[in-house]
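The model shown is predicted, which means the values in this text are computed figures rather than measured ones. Ligands are counted one by one from 1 in listed order, and the atoms in each one are counted from 1 as well.
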Amino acid sequence: MTETWLLTGGSGQVGQALRRSQPLGVRIIAPGRDVLDLAAPINLDQLLAGVSGVINCGAYTAVDKAESEPELAAAINAHAPGLLAAAAARAGIPIVNVSTDYVFAADGAGPWHEDAAVAPASVYGRTKADGEAAVRASGARHAIVRTSWVVSADGANFVKTMLRLGQERDELRVVADQRGSPTHAGDLAAALAVIMARFTAGPELASGTWHCTNAGETTWHGLASHVFASAASHGIRVPATVAAITTAEYPTPARRPADSRLDTSAIWRDFGIQLRPWQDAVADIVAALAQRESTQ
Ligand SMILES: NC(=O)c1ccc[n+]([C@@H]2O[C@H](COP(=O)([O-])OP(=O)(O)OC[C@H]3O[C@@H](n4cnc5c(N)ncnc54)[C@H](OP(=O)(O)O)[C@@H]3O)[C@@H](O)[C@H]2O)c1
């Protein structure tokens, strides 16, 4: 029997990967913002008719811009998940809500466990934490899945920015004192599908929060260096120098955690999910982009 999942953010990095993944026995419907505007959601009960589960990948993800648009970020990241979850509760179906490592403190030390206290340092992080709280309070069966440093061959992300800048400049300066774990959107999407399938299979699985990232850790500088090593192996132009700098040398409107590594042992324990090392995932993205370039 085919079941239907409603996906928000279907045009984003993770949403696109989920749509492509075609989980067995599942039809994914992904209304765009013309039908479901997360800034002002309407008709949610009608949208959920005949739906077995909701995956919320839609979000206001412009971390720096959120500092000057806090109301819009709150509407999309905090209120919309609460409204979606309340509608899911009325429909008696589960919701998987994607969240972020940026809910954790700017100056704390990871790897963060799921039940560590949140202390967001940015508007983006605060609105995402409020969204988590709204989902937990909704009464819907839920999974909150926090991830970090999402990268893919689609959409805007650090890997693609580095490759673009690498074409344009001989020297890049990249922050080397923020630690975290890159996450391949496709790997995360596969994990979200496993989690949703477990929730829709029966009532046994209890609601909770899980962390999901590719294995291993690095800094933005370490990630950039790996991107360029992979790129060079495909004959892509890379900058001569990738200088390591401090966060203080690269001021941004939003404050980011210095150490946002997430402890991922719970998702392994509860779902048997362990994503591959981030280096392999990033090398795949660079290879996909190189292939795309060569066939254009
Ligand atoms: N990117 C990261 O590094 C990162 C890190 C940690 C956690 N996360 C979380 O992971 C999830 C997926 O992120 P992502 O990287 O896939 O995001 P993304 O590529 O920026 O995509 C965001 C998605 O949200 C949609 N959206 C934004 N505003 C909307 C609105 N008002 N109404 C309807 N849809 C709207 C966008 O639609 P349009 O195409 O129409 O704009 C797009 O489909 C999010 O919950 C994010 O907070 C991301």
Side-chain angles (χ1 to χ4, degrees), residues 6-21 28 30-44 47 54-66 69 71-81 83-85 95-104 112 118 120 122-132 134-135 143-162 178 180-189 191-192 209-214 220 223 254 256-257 260-262 264 275 278 281-282 285:
L6 183 129
L7 168 70
T8 70
S11 56
Q13 295 191 83
V14 181
Q16 282 190 56
L18 250 170
R19 292 167 72 180
R20 270 198 303 267
S21 70
I28 293 180
R33 64 165 81 205
D34 50 330
V35 174
L36 176 50
D37 180 0
L38 295 173
I42 51 168
N43 300 329
L44 289 178
L47 276 171
V54 177
I55 303 184
N56 184 30
C57 289
Y60 184 112
T61 55
V63 175
D64 288 316
K65 201 169 165 205
E69 289 188 333
E71 289 88 10
L72 182 58
I76 296 169
N77 291 347
H79 303 146
L83 294 170
L84 280 166
I95 178 166
V96 174
N97 188 59
V98 182
S99 192
T100 174
D101 53 335
Y102 283 10
V103 298
F104 290 117
W112 298 93
V118 300
S122 62
V123 167
Y124 170 73
R126 192 178 71 237
T127 57
K128 293 292 289 185
D130 289 347
E132 292 185 1
V135 171
I144 289 163
V145 181
R146 294 193 190 116
T147 190
S148 59
W149 297 23
V150 176
V151 290
S152 68
D154 312 294
N157 63 72
F158 183 83
V159 170
K160 291 180 71 178
T161 302
M162 286 300 110
Q178 290 173 25
S181 301
T183 305
H184 188 301
D187 294 355
L188 174 64
L192 297 177
T209 301
W210 289 274
H211 290 167
C212 186
T213 73
N214 278 115
W220 293 113
L223 174 53
R256 289 161 168 78
S260 70
R261 293 171 300 144
L262 300 177
T264 56
L275 303 190
W278 69 265
V282 169
I285 292 169

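- Contact annotation for Arg146 and ligand 1: no heavy atom of the residue comes within less than 4.0 Å of the ligand.
- Considering only residues two or more places apart in sequence or on other chains, Trp210 meets the side chain to side chain donor-acceptor pair (under 3.5 Å) condition with Asp270.
- With a 4.0 Å heavy-atom cut-off, ligand 1 is reached by the backbone of Trp149 but not by any atom from C-beta on.
- Between Phe104 and His211, the ring planes lie perpendicular to each other; the angle is over 60°, past the 30° to 60° tilted range.
- Side-chain contact check for Val96 versus Asn56: every heavy-atom pair is 4.5 Å or farther apart.
- Between Tyr102 and Tyr124, the angle of the ring planes goes over 60°, which puts this pair in the perpendicular group of the 30/60° scheme.
- Residues Ala75 and Ala39 share a closest heavy-atom pair of CB-O, 3.8 Å.
- What sits closest to atom 31 (N) of ligand 1 on the protein, heavy atoms only, is Asp37 OD1, 2.9 Å.
- Considering only heavy atoms from C-beta on, Leu275 stays 4.5 Å or farther from His184 through its side chain.
- Backbone and side-chain nitrogen or oxygen atoms of Arg33 are examined, and one is located within less than 3.5 angstrom of a nitrogen or oxygen of ligand 1.
- For atom 15 (O) of ligand 1, the nearest non-hydrogen atom of the protein is Gln13 NE2, 3.1 Å.
- Contacts with ligand 1 closer than 4.0 Å are made by side-chain heavy atoms of Thr61 only, the backbone lying farther away.
- Note: no N/O pair closer than 3.5 Å links Tyr60 and ligand 1 by distance alone.
- Taking atom 6 (C) of ligand 1 as the reference point, the nearest protein heavy-atom neighbour is Thr147 O, 3.4 Å.
- Under a 4.0 angstrom heavy-atom cut-off, Leu36 registers as being in contact with ligand 1.
- Ranking the protein heavy atoms by distance from atom 34 (N) of ligand 1 puts Leu38 CD1, 3.8 Å first.
- Taking 4.5 Å as the limit, some side-chain heavy atom of Glu132 sits within range of a side-chain heavy atom of Arg146.
- If you check the side chains of Thr183 and Asn214, you find no donor sitting under 3.5 Å from an acceptor.
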Test side-chain contact (heavy atoms from CB on, under 4.5 Å) applied to Asp101 and Thr147, step by step: CA-CA 6 Å; Asp101 53 335; Thr147 190; over 6 Å; no
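- In this structure, of Val98, Val150, Leu7, Thr213, the residue bringing a heavy atom nearest to atom 2 (C) of ligand 1 is Val150.
- When side chains are defined from C-beta on, Pro31 counts as touching Leu6, because their heavy atoms get closer than 4.5 Å.
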Stepwise side-chain contact (heavy atoms from CB on, under 4.5 Å) test for Leu188 and Thr213: CA-CA 7 Å; Leu188 174 64; Thr213 73; over 6 Å; no
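- Counting the atoms of ligand 1 from 1 in the order shown, those under 4.0 Å from a heavy atom of Val14 are 12 (C), 16 (O).
- Residue-to-ligand polar distances place Tyr124 within reach of ligand 1: an N/O pair is separated by less than 3.5 Å.
- By the criterion of a heavy-atom distance under 4.0 Å, neither the backbone nor the side chain of Asn77 is placed next to ligand 1.
- If you check which protein heavy atom lies closest to atom 12 (C) of ligand 1, you get Cys57 O, 3.4 Å.
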Residue pair Met162, Val159: steps toward the side-chain contact (heavy atoms from CB on, under 4.5 Å) verdict: CA-CA 5 Å; Met162 286 300 110; Val159 170; 5.9 Å; no
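- Taking 4.0 Å as the cut-off, Gly155 does not count as a neighbour of ligand 1 on heavy-atom distance.
- For ligand 1, the atoms lying closer than 4.0 Å to a non-hydrogen atom of Ile76 are 28 (N), 31 (N).
- Contact check for Phe158 versus Trp220: side-chain heavy atoms found under the 4.5 Å cut-off.
- Within the set Ala59, Ser11, Gly58, the minimum heavy-atom distance to atom 27 (C) of ligand 1 is found for Ala59.
- Atom 23 (C) of ligand 1 has its closest protein heavy atom at Gly9 CA, 3.8 Å.
- Taking any N or O of Thr100, backbone or side chain, none lies under 3.5 Å from an N or O belonging to ligand 1.
- By the criterion of a heavy-atom distance under 4.0 Å, the backbone of Ser99, and not its side chain, is placed next to ligand 1.
- Atom 45 (O) of ligand 1 has Lys128 NZ, 2.7 Å as its closest protein atom, hydrogens excluded (heavy atom only).
- Side-chain N/O atoms of Gln13 and Asn157 include a donor and acceptor closer than 3.5 Å.
- The protein atom (non-hydrogen) at minimum distance from atom 21 (O) of ligand 1 is Gly12 CA, 3.2 Å.
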